[in-house]
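Heads up: the structure comes next, in structure tokens.
The chains referred to below are lettered A, B, ... by the order of the sequence lines, with proteins before strands, and numbering in each begins at 1.
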Amino acid sequence: MSSKNKVALTLPDGSVREYNGPVTGMTLANDIGPGLAKAALVIVVNGEQWDLSREIEKDSNVSIITNRDDEALEILRHDAAHILAEAVKELWPDTQVTIGPAIENGFYYDFARDKPFTPEDLERIEQRMKEIVERNEEIIRTEMPRDEAVKFFRDMGEDYKAEIIASIPSNEPITLYRQGDFIDLCRGPHLPSTKYLGSDTFKLMNVAGAYWRGDSNNEMLQRIYGTAWRTKKELNAYLTRIEEAEKRDHRKLGREMGLFHFQEEAQGSVFWHSKGFRVWIELERYIRARLREDGYNEVKTPQLMDSKLWEQSGHWGKFRENMFVVPDMVPNAEGEIEVPKDARMMALKPMNCPAHIQIFKQGIKSYRDLPIRMSEFGCCHRNEAHGALHGLMRVRQMTQDDAHIFCREDQIIDETKRFLRLFAQVYDDMGLSEIKYKLATRPEMRAGSDETWELAEKALAEALTASGLEFEYAEGEGAFYGPKLEFHLTDAIGRTWQCGTFQLDYVLPDRLDANYIGQDGERHRPVMLHRAVFGTFERFIGILIEHYAGRFPLWLAPIQVIVAGITSEQDDYVQSVFEKLQAAGLRAEIDLRNEKINYKIREHSHAKIPAIFVAGGREAENNTITVRRLGSNNQETLDLSDAINKLVTESIAPDKR
RNA sequence: GCCGCUAUAGCUCAGUGGUAGAGCGCACCCUUGGUAAGGGUGAGGCCGAGAGUCCGAUUCUCUCUAGCGGCACCA
């Protein structure tokens with residue numbers, strides 16, 4: 001028991017330091033050693049990050065965060081955001097500040113103002129930030145009573161800040177941070193002064209619009225993004241990393257490799273060129289085989305269906321603005337389009353599920369028939385917002401490797417596990433390992449009872465855990481008809497995309513009146529599991545292009561091998577090699593151009609062709625071939641049949657190995 | 001859909017109030033060369049679409065369309 005004034009601080013190594021009264025983190029660090037005092041950034045007091053200048057009044061467990069700790073970077077970036085805000089306020093005092101957190105790789109700050117920031121403004125701001133860093137302004141924490149704080153910010157014309165205070169729970173203190181003349185509402189903690197952020201370790205990246213509080217009903221603010229690091233070296237490494245990553249961008253590679261293109265007349269829909277479509281064909285063959293192995297039966301359902309069905313399914317109500325709707329009519333002889341009032345409305349399917357239920361409903365199903373795993377490479381159309389479209393990742397016409405599993409409630413966990421096994425197999429085959437698993441739970445707007453949701457969410461969590469997968473919850477992100485598992489992959493630029501999905505649905509079978517006869521002779525509702533492994537071919541191929549940086553494994557490569565001759569003397573031999581490669585089922589091309597071998601090698605290497613077969617006089621004479629593989633500067637001369645066999649073996653798809 | 005930026009040759013990009021240029025690619029010719037660019041010649045553009053200002057617009061202004069970066073929405 002410590003006396004009233006004494007403060008005992010327990011360090012991570014278990015040692016205890018006693019003080020005769022309140023003590024700051026800075027004092028403690030100084031007492032431990034001058035080296036630590038220099039490196040110290042923030043102190044953790046009973047698990048909570050505190051400023052070094054804040055007085056610790058009670059016995060506590062403490063640890064000191066230095067520049068070397070990962071947490072330091074986040075605090076540094078948060079400081080950078082404040083310095084950004086200070087710079088903007090100095091340059092344009094009328095601009096209102098709102099929020100500015102640290103994010104992955106950097107920070108941002110949202111401002112409210114009429115005039116947009118220009119690139120020149122960004123330069124000025126960055127320059128001013130450097131000045132503020134050099135000023136080495138002390139960052140001072142103060143607490144303020146709630147009412148006073150609201151008035152304080154209102155008087156300054158900072159209405160957003162006043163609004164934020166109102167949303168802070170009443171049991172939490174209102175803290176302000178001052179640096180120079182700039183005062184911001186902030187939870188903290190911050191570093192002792194602005195110079196802790198180096199003047200050459202950060203960079204402003206871009207400006208973008210962002211809604212106040214993330215709500216599209218609110219006004220739009222101007223967000224400035226920046227990146228910040230411990231050292232200039234780290235900053236440069238990051239900038240280089242981004243540059244490198246941009247080279248893998250599937251939109252760039254897709255054009256360079258001639259895989260696909262987009263054009264205005266078909267916004268958001270892909271023109272697949274023959275090379276790109278070869279990847280698709282191979283993937284489709286592969287997943288079809290995997291699905292068949294796993295007990296799925298493939299179907300094909302209509303593209304265009306009466307709006308009545310969509311009304312019944314609930315899509316008309318919930319998904320209407322994303323649906324392409326067409327009247328069931330043709331233009332008159334003059335080509336004019338007049339839609340009669342009573343025209344039947346048809347919709348291009350945005351999903352396959354209602355159609356699959358129609359198939360399920362044909363005939364009477366017994367509990368013995370379940371589960372039924374019904375798959376379809378369904379081509380769907382969704383009228384995505386213009387601003388959402390993004391290369392292959394977000395399109396308006398997409399083909400899913402979709403399937404619906406109709407099952408009894410007692411089969412849910414087994415079916416989930418079974419799906420997770422399939423999923424793991426497929427992603428392993430593709431060499432994709434960095435997958436984020438998320439369990440999306442009940443949203444505010446939802447159908448079904450809480451008990452049902454409780455059960456469904458538990459079932460998914462249990463199946464994930466049983467499959468040994470680590471996951472995080474995405475609260476409130478579930479579909480209105482049920483919770484879902486989301487499988488996220490990251491693209492070259494660091495954005496994450498949901499590919500595979502697994503959703504529980506108690507609602508749709510009910511709305512569309514699907515039932516089966518149970519053991520008890522009564523009718524029961526089946527549970528419907530919506531699931532996709534790739535998600536959509538479009539997005540998945542986009543991810544694969546970036547994942548492989550265009551260097552597809554042999555089984556997926558659009559062109560697997562190119563045969564090139566050294567001189568025109570070997571044209572006949574080269575032609576015969578090419579024919580043998582084709583006969584062996586390989587995707588081969590031939591290069592008889594009047595170019596030097598150096599040139600051909602360079603060009604085909606740039607085109608990311610996995611194998612180049614070179615034939616000169618020696619090869620033609622001995623019936624051999626010299627093989628050069630992508631990524632290697634070595635070459636190897638082999639008997640032609642051996643070389644072909646080797647390639648054939650290597651190009652066997654994972655499902656046939 | 002919202003905020004901002006961009007749109008010139010197949011690709012990457014210069015450029016100008018007086019209707020355009022480079023490199024790569026492409027075509028033809030010379031060259032027959034052994035593993036990442038051999039040489040020469042040449043053909044390609046309604047300067048995204050529409051309107052306005054001007055004697056004259058690819059250039060300035062406005063509208064539209066598409067793309068890009070975010071936000072919102074979502075596989």
Side-chain angles (χ1 to χ4, degrees), chain A residues 108 110 115-119 121-122 205-225 249 251-252 255-256 258 261-268 319 321-322 350-351 380 382-396 398-402 440 477 479 484 486-489 493 495 497-501 503 530-540 542-543 564-571 594-607 612-619 626-630 632-637:
Chain A
Y108 68 78
D110 285 349
K115 260 179 70 181
F117 290 112
T118 64
D121 289 343
L122 279 200
M205 304 299 282
N206 54 340
V207 199
Y211 296 108
W212 167 235
R213 302 213 140 158
D215 186 338
S216 58
N217 295 315
N218 289 344
E219 60 274 31
M220 183 149 282
L221 308 172
Q222 294 198 50
R223 175 171 298 177
I224 296 178
Y225 282 97
D249 192 312
R251 293 165 299 184
K252 184 176 155 68
R255 188 170 45 241
E256 285 172 2
H261 86 271
F262 291 91
Q263 64 187 53
E264 279 195 31
E265 293 82 353
Q267 199 191 0
F319 209 71
E321 71 253 26
N322 283 304
M351 299 178 190
C380 294
R382 295 183 193 170
N383 199 343
E384 301 288 348
H386 291 78
L389 300 176
H390 181 93
L392 292 178
M393 303 301 197
R394 193 78 182 271
V395 292
R396 284 181 163 173
M398 69 214 80
T399 301
Q400 300 171 301
D401 61 327
D402 199 14
E477 299 282 311
K484 57 182 181 178
E486 297 177 351
F487 308 95
H488 293 261
L489 294 169
I493 318 172
R495 291 181 274 220
W497 299 93
Q498 184 185 333
C499 290
T501 181
Q503 310 179 16
H530 307 245
R531 36 108 297 155
V533 183
F534 292 161
T536 65
F537 282 84
E538 287 81 1
R539 181 176 289 180
F540 197 70
I543 290 279
I566 301 228
T567 75
S568 51
E569 290 284 300
Q570 294 88 44
D571 282 4
N594 176 15
E595 297 290 353
K596 288 191 175 175
I597 196 62
N598 284 332
Y599 184 89
K600 294 182 182 179
I601 296 288
R602 180 183 150 86
E603 195 179 74
H604 298 135
S605 298
H606 277 309
I612 304 172
F613 278 20
V614 176
R618 293 199 290 276
E619 286 82 356
T626 299
V627 181
R628 182 186 172 114
R629 296 298 304 263
L630 182 61
S632 165
N633 291 324
N634 299 328
Q635 44 201 289
E636 173 176 41
T637 303

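If you check every strand for non-hydrogen atoms under 4.0 Å, A:G535 touches nothing. The residue A:A210 sits close only to the backbone: its heavy atoms come under 4.0 Å of sugar-phosphate atoms, none of a base. At the heavy-atom level, A:R495 lies under 4.0 Å from the strands shown only through sugar-phosphate atoms. Heavy atoms of A:K484 sit under 4.0 angstrom from primed sugar atoms or phosphate atoms, though from no base atom. No contact: A:E538 has no heavy atom under 4.0 Å from any strand. Residue A:S216 is classed as a sugar-phosphate contact, given heavy-atom separations below 4.0 Å to backbone atoms only. Residue A:G617 is classed as a base contact, given a heavy-atom separation below 4.0 Å to a base. Looking at heavy-atom distances under 4.0 Å, A:F262 makes no contact with the nucleic acid at all. Within 4.0 Å (heavy atoms only), A:R618 reaches at least one base atom of the nucleic acid. Counting non-hydrogen atoms under 4.0 angstrom, A:A385 reaches a base of the nucleic acid.
Taking 4.0 angstrom as the limit, A:R223 places none of its side-chain polar atoms (N or O) nearer than this to OP1 or OP2 of B:rG4. Between B:rA75 and A:R394, no contact under 4.0 Å exists linking OP1 or OP2 to a side-chain N or O. Proximity of A:Q267 to the phosphate of B:rG67: a side-chain N or O atom is located under 4.0 Å from OP1 or OP2.
Straight-line distance between the P atoms of B:rU58 and B:rG17: roughly 13 Å, to the nearest whole Å. With both ends at atom P, the span from B:rC30 to B:rG44 equals 23 Å, rounded to whole Å. Taking the C1' atom of each, B:rG15 and B:rA75 are spaced 43 Å apart, rounded to whole Å. With both ends at atom P, the span from B:rG21 to B:rA43 equals 13 Å, rounded to whole Å. For the C1' atom pair drawn from B:rG39 and B:rC55, the interatomic distance equals 49 Å after rounding to whole Å. If you take atom C1' in B:rG45 and the same atom in B:rC13, they sit 15 Å apart, rounded to whole Å. B:rC5 and B:rC11 have their P atoms separated by 25 Å, with the value rounded to a whole Å. Straight-line distance between the C1' atoms of B:rA14 and B:rG23: roughly 11 Å, to the nearest whole Å.
The salt bridge (charged side-chain N to carboxylate O under 4.0 Å, His left out) search around A:D249 returns A:R251, not counting sequence neighbours. For the side chain to side chain contact (heavy atoms under 4.5 Å, CB included) test, residues two or more places apart in sequence or in another chain that qualify with A:D110 are A:T98, A:I99, A:Y108, A:A210, A:L221, A:R223. The salt bridge (charged side-chain N to carboxylate O under 4.0 Å, His left out) check on A:E636 picks up A:K646, with sequence neighbours excluded.
Scanning atom types as modelled, one donor and one acceptor separated by under 3.5 angstrom connect the side chain of A:T536 and the base of B:rA75. In terms of polar N and O atoms assigned as donor or acceptor, the side chain of A:R213 never comes within less than 3.5 Å of the base of B:rC71 in a complementary pairing.
Per the geometry, CG belonging to A:L389 stands 14 Å off P belonging to B:rC2, to the nearest Å. Atom-to-atom, CE of A:M220 to P of B:rA72 comes out at 9 Å; the value is rounded to the nearest Å. If you measure from atom CZ of A:F117 to atom C1' of B:rC71, you get 16 Å, rounded to the nearest angstrom. Distance CG (A:N217) to C1' (B:rC73): 12 Å, rounded to an integer number of Å. A:K115 has its NZ atom 18 Å from the P atom of B:rC3, to the nearest Å. Going from atom CE of A:M205 over to atom C1' of B:rG69 covers 11 Å, rounded to whole Å. In this structure, A:Q570 atom CD and B:rU32 atom P are separated by 14 Å, rounded to whole Å. The CG-C1' distance, from A:L392 to B:rC74, rounds to 16 Å in whole Å.
Counting non-hydrogen atoms of other residues, nucleotides and ligands closer than 6.0 Å to CD of A:E256 gives a total above 12.
Residue-to-nucleotide proximity on RNA chain B shows that, of A:N322 and A:E569, the 5′-proximal contact is made by A:E569. Residues A:F319 and A:L221 both approach RNA chain B. Their nearest nucleotides, taken by heavy-atom distance, put A:L221 toward the 5′ side.
Between A:G268 and A:F262, the shortest heavy-atom distance links the atoms C-CE2, 4.2 Å. Nearest approach of A:W212 to A:N218, heavy atoms of both residues: O-ND2, 2.8 Å.
Minimum atom distance to the side chain of A:R382 is reached by B:rA75, of the listed B:rG69, B:rA72, B:rA75. Picking from B:rA75, B:rA72, B:rG70 the nucleotide with the shortest atom distance to the side chain of A:A208 gives B:rG70. Side-chain atoms of A:R539 lie closest to B:rC74 of the nucleotides B:rG69, B:rC74, B:rA72. Comparing B:rG69, B:rC71, B:rG4 against the side chain of A:R251 picks out B:rG69 as the nearest. You'll find that the side chain of A:H390 is closest to B:rG69, out of B:rA75, B:rC71, B:rG69.
With hydrogens and angles disregarded, a donor-acceptor distance shorter than 3.5 Å links the side chain of A:Q222 to the backbone of A:F117. The main-chain N or O of A:T536 is never found under 3.5 Å from a side-chain atom of A:D401 such that the two would form a donor-acceptor pair. Judged by distance alone, with hydrogens and angles left aside, the side-chain atoms of A:R396 form no donor-acceptor pair with the main-chain N or O of A:L389 at under 3.5 Å. For A:K600 (side chain) and A:I566 (main-chain N/O), no donor-acceptor pair under 3.5 Å exists by modelled atom type. Of the possible donor and acceptor atoms, one in the side chain of A:R382 sits under 3.5 Å from a partner among the backbone N and O of A:P350. Counting only distance, with no hydrogens or angles, the side chain of A:E538 and the backbone of A:T399 share a donor-acceptor pair below 3.5 Å. No donor-acceptor pair closer than 3.5 Å links the side chain of A:E477 to the backbone N or O of A:K484.
Remark: A:L630 CG to A:H606 NE2 distance equals 11.0 Å, nearest 0.5 Å. The structure places CZ of A:F613 at 11.5 Å from CD of A:E619, a figure rounded to the nearest 0.5 Å.
Here B:rG40 is in the anti range [glycosidic angle more than 90° from 0].
Every stem involving RNA chain B, taken as at least 3 paired positions in a row under the Watson-Crick or G-U wobble test at 3.5 Å, is listed here: B:1-7 with B:65-71, B:10-13 with B:21-24, B:26-30 with B:38-42, B:48-52 with B:60-64.
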For A:V533 and A:F540, run side-chain contact (heavy atoms from CB on, under 4.5 Å): C-alpha distance rounded to whole Å, both residues' side-chain angles, the deciding distance at 0.1 Å, then the answer.
CA-CA 9 Å; A:V533 183; A:F540 197 70; over 6 Å; no
5' to 3', nucleotides 35-48 of chain B under a 4.0 Å protein heavy-atom cut-off (B base, S sugar-phosphate only, - none) gives BBBS----------
Enumerate all atom pairs, one protein N or O and one N or O from nucleotides 8-11 of chain B, separated by less than 3.5 Å.
none

